[in-house]
Amino acid sequence: MLTVSELSIGYKTQIVVKAINFNLTEGELMSIVGINGVGKSTLLRTLGKVQPQLSGHILINGKALAQLKSNTLASQISMVLTEAIPSRNMTVWELVTLGRQPYTNWIGSLSHLDEEKIGEAIQILELEDLRHKPCYELSDGQMQRVLIARALAQDTPIILMDEPTTHLDLYHKVHLLKLLRRIAHETKKTILFTSHEIEMAMQLCDKMLLLDGKNNPFGTPEALINSQAFETLFPEDTVVFNSETKSFRIRK
Amino acid sequence: MNPQKTYGLSFAILFVALVLCFGLNLSFGSVSIPFKETLNAIFGAKLENSSWDYIIWNYRIPKAFTAILVGGGLALSGLLMQTLFRNPLAGPFVLGISSGASLGAAILIMGATVFTGLTSFGLVNDVSLALAASLGSFLVLMAVMIVASKIKDTMALLIIGLMFGSITGAVVSVLSYFTNAEKLQQYIYWSFGSLGNLSWAQLLLLSGIIILGIILSVLSIKSLNAYLLGENYARSLGVNLKKSRYIIIIATGLLAGSVTAFAGPIAFVGLAVPHLTRQLFRTTDHRVLVPAVLLYGAILMLLCDIVAQLPGSSSVLPINAITSILGAPVVIWLLIRKKRMLF
C-alpha cells in the first residue's frame with residue numbers, strides 16, 4: 001500500500017530527518033511519534049505532497065508519489081491538518097461535502113454515490129445532530145470529528161492526520177483514537193497520524209514509527225518495546241521508559 | 001437525505017425585486033416623467049412628449065443597465081476576492097485595481113499639464129478616460145500578478161495589493177498638487193463615479209467584458225469552494241492552486257477593472273454585497289452565492305442610483321458618495337449586531 005524507503009525530508013537548505021523506512025498494508029493504523037521539532041509534521045506534509053521530498057522513495061501501490069497527478073493524488077490521499085479552516089460560516093454538511101470534490105463534475109454536483117459516502121462519513125463520526133450547525137458553533141473535539149469526516153468522505157485508501165488529538169481531554173483522546181482504529185480496521189483504510197500520546201498509541205496502533213533523528217525505528221508496538229526503542233526517544237535525565245508497565249516515568 | 005436547501009424562492013424574490021427596481025429606477029430622474037408614460041415608452045408606445053421618449057431611451061435605460069452591470073460586476077469581484085484571500089474585509093479594490101484606474105485617469109487629466117506645461121485640450125473625453133483607467137488598472141494588476149507568481153502566500157499578496165494602492169494614491173496626490181484647479185476639478189468629478197455617461201456602444205462593450213468575467217467565475221466555482229478550506233486542503237482535493245488563482249485574479253480584474261474604467265471608482269459595493277447576500281442565503285456554496293451576489297449587487301446599485309437622483313429634486317448626487325454613505329453603516333452593523341463578519 002504505502003512503502004517509504006531511505007526518505008530524507010526537510011527544506012531546500014536543510015535536511016530535517018533522513019533514513020526513514022517503513023511499509024504499511026491496507027487497514028493499518030500507524031502513529032508517528034517523536035520529540036517536538038524532530039520533523040513529524042514535515043514527514044506528514046511530505047507524504048501528502050504539500051512539500052517535496054529531498055531524496056529517497058515514497059511508493060503508493062507501487063507508484064512514485066512524485067509522479068502522481070494532483071487529481072489522482074486527491075483520490076489516493078486525504079489529509080487532516082492542524083491549520084484552522086478559514087471559512088467559519090460553513091455548515092458541517094457543507095464541509096464534509098467538499099471531501100467529494102475529486103469525484104464531482106466541473107461545477108461540483110453530487111451524485112447518489114457522493115451523497116451516500118457523505119452520509120456514511122457523517123454517521124461514522126456521529127455528526128448527524130450537528131450537520132446543519134455552522135463551524136463557529138462547534139467545540140474543538142466536534143470540529144476535529146468534522147475534519148475527519150471530510151477526509152473519510154474523500155474515500156481515499158490513505159488518510160494522513162497531523163496531531164488529531166491536540167486540544168482534546170483524556171476521554172476524547174481515547175475516544176478518537178479508538179475510532180481511528182475502528183475506521184482503519186473496518187473500512188480497510190491505512191491511517192497515519194502524528195501524536196504525542198505515545199502510551200495510548202502503543203495500546204491502539206498496529207504500527208509505530210519513532211522519529212529519533214538517527215535510526216527511526218519502525219514496527220509493531222510490541223517489537224519496538226522489546227528492542228528497547230522507546231528508552232532513547234527522550235533525553236534519559238528527564239523521563240525513563242518502563243517496559244513492564246509500558247509507560248514513561250518522570251525521573252526525579 | 002440531502003440537506004442541501006433549495007433557494008428557488010429566494011432567487012425568484014430577488015429576480016422580481018430586480019425587475020421592480022429597474023422599473024422604479026427608470027421612473028426617477030431630474031426630469032419628472034409619469035410612471036405610466038415610462039411604461040409606455042418601454043413597451044414601444046409613442047409618447048405625447050417626444051423629449052421624454054428620448055430621455056428614457058438614450059439616458060435612463062442605458063443608465064439602469066449600467067447600474068445592473070456595475071452592481072453585479074463589483075459584487076461578484078468582491079465575492080471572488082473574499083474567498084481567494086479568505087478575508088472578510090477583502091474587496092475588489094484590494095489588488096490595487098481602483099487605484100490603478102485612478103492613476104490612469106489622473107495621468108490623462110492632470111499629467112499633461114504637470115509634465116509638459118501644455119493643456120491637454122480635446123484629449124480628455126469619456127472614451128479616452130475609460131481607456132486610460134482600464135490601462136491603469138490593467139498595469140497595476142499585471143504588476144501584482146508578477147509579484148504573485150513569485151510568492152506563494154496569499155496574505156502577502158493582499159498586503160502587496162494594498163501597498164500598490166498606497167503608491168498609486170501618492171502619485172495621484174503629487175499630480176493633484178501641481179495641476180491647475182480646472183484639471184483637478186475634472187479629476188475629482190471622475191472620482192465621484194457616474195453611471196450615466198455610457199452610450200449604447202460602450203454599454204455593449206462593458207457587458208461583453210462583464211459576461212466574460214462571469215464565465216471565468218462560474219468556471220472557478222469548484223475551486224472557490226475548495227479555497228474555503230485553505231490552500232493546503234484545496235491542494236489535497238486536487239485543485240491546481242496556481243492556475244485557479246490566476247483565473248480568479250483575471251476575473252476580478254475584468255469585472256472590477258472594466259466597471260471602474262467606465263463608471264469611475266465606486267466604493268463599498270464589492271465589500272458589502274457578499275456579506276449582505278450571506279445574510280439572506282445561509283450557505284457558503286459558490287454555486288448559490290455567485291448568482292445571488294450578481295442579483296443582489298444589481299438591485300442595490302439600482303436603489304443607490306434612485307437615492308442619488310434625489311427623487312423630487314432636479315439635482316443628482318455623486319454615486320460613489322451614496323454607496324459609501326449606505327455601505328459603511330452596513331459593514332458596521334454587520335460587525336456590531338451580528339458580532340461577526342464571517343464568510
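First the proteins, then the strands, lettered A, B, ... as listed; each starts at 1.
Counting heavy-atom pairs closer than 4.5 Å to chain B, the top residue among A:Leu73, A:Asn71, A:Leu81 is A:Leu81. Most heavy-atom pairs under 4.5 Å with chain B: of the set A:Thr156, A:Val50, A:Thr72, A:Leu160, this distinction falls to A:Val50. Note: B:Asn232 leads B:Asn232, B:Ile221, B:Val239 in heavy-atom pairs under 4.5 Å with chain A. Highest contact tally toward chain B, considering only A:Ser78, A:Ala151, A:Gly108, is held by A:Gly108 [criterion: heavy-atom pairs under 4.5 Å].
With a 4.5 angstrom heavy-atom cutoff, A:Arg100 does not touch chain B via any of its atoms. Contacts between A:Ile77 and chain B at a heavy-atom distance below 4.5 Å involve the backbone alone (N, CA, C, O). Using a 4.5 Å cut-off between heavy atoms, A:Ser75 makes no contact with chain B at all.
Taken from OG in B:Ser220 to CH2 in A:Trp106, the straight-line distance is 10.5 Å, to the nearest 0.5 Å. Taken to the nearest 0.5 Å, the NE2 atom of A:His132 stands 14.5 Å off from the CZ atom of B:Arg282.
Across all their heavy atoms, A:Ala74 and B:Gly238 have their closest contact at CB-N, 3.6 Å. Here the shortest heavy-atom pairing between A:Glu83 and B:Leu229 reads OE2-O, 4.2 Å.
A:Pro102 has its side chain within reach of B:Leu237: a pair of non-hydrogen atoms, C-beta onward, lies under 4.5 Å apart. Contact annotation: the side chain of B:Tyr233 approaches that of A:Ile85 to within less than 4.5 Å [non-hydrogen atoms, C-beta and beyond].
Although no hydrogens or angles enter the test, the distance criterion places no donor-acceptor pair under 3.5 Å between the side chain of A:Lys49 and the main chain of B:Ser236. Judged by distance alone, the side chain of A:Glu94 and the main-chain N or O of B:Thr283 form no donor-acceptor pair under 3.5 Å. A distance-only check finds a donor-acceptor pair linking the side chain of B:Lys222 to the backbone of A:Asn105 [under 3.5 Å].
Counting heavy atoms of neighbouring residues, nucleotides and ligands inside a 6.0 Å radius, atom CZ of B:Phe15 does not exceed 12 of them. For A:Lys18, the NZ atom counts as loosely surrounded, since its 6.0 Å shell holds 12 or fewer non-hydrogen atoms of other residues, nucleotides or ligands. More than 12 non-hydrogen atoms from other residues, nucleotides or ligands lie less than 6.0 angstrom from NE2 of A:His185.
For the residue pair A:Gln101 and B:Asn225, no side-chain donor N or O sits within less than 3.5 Å of a side-chain acceptor on the partner.
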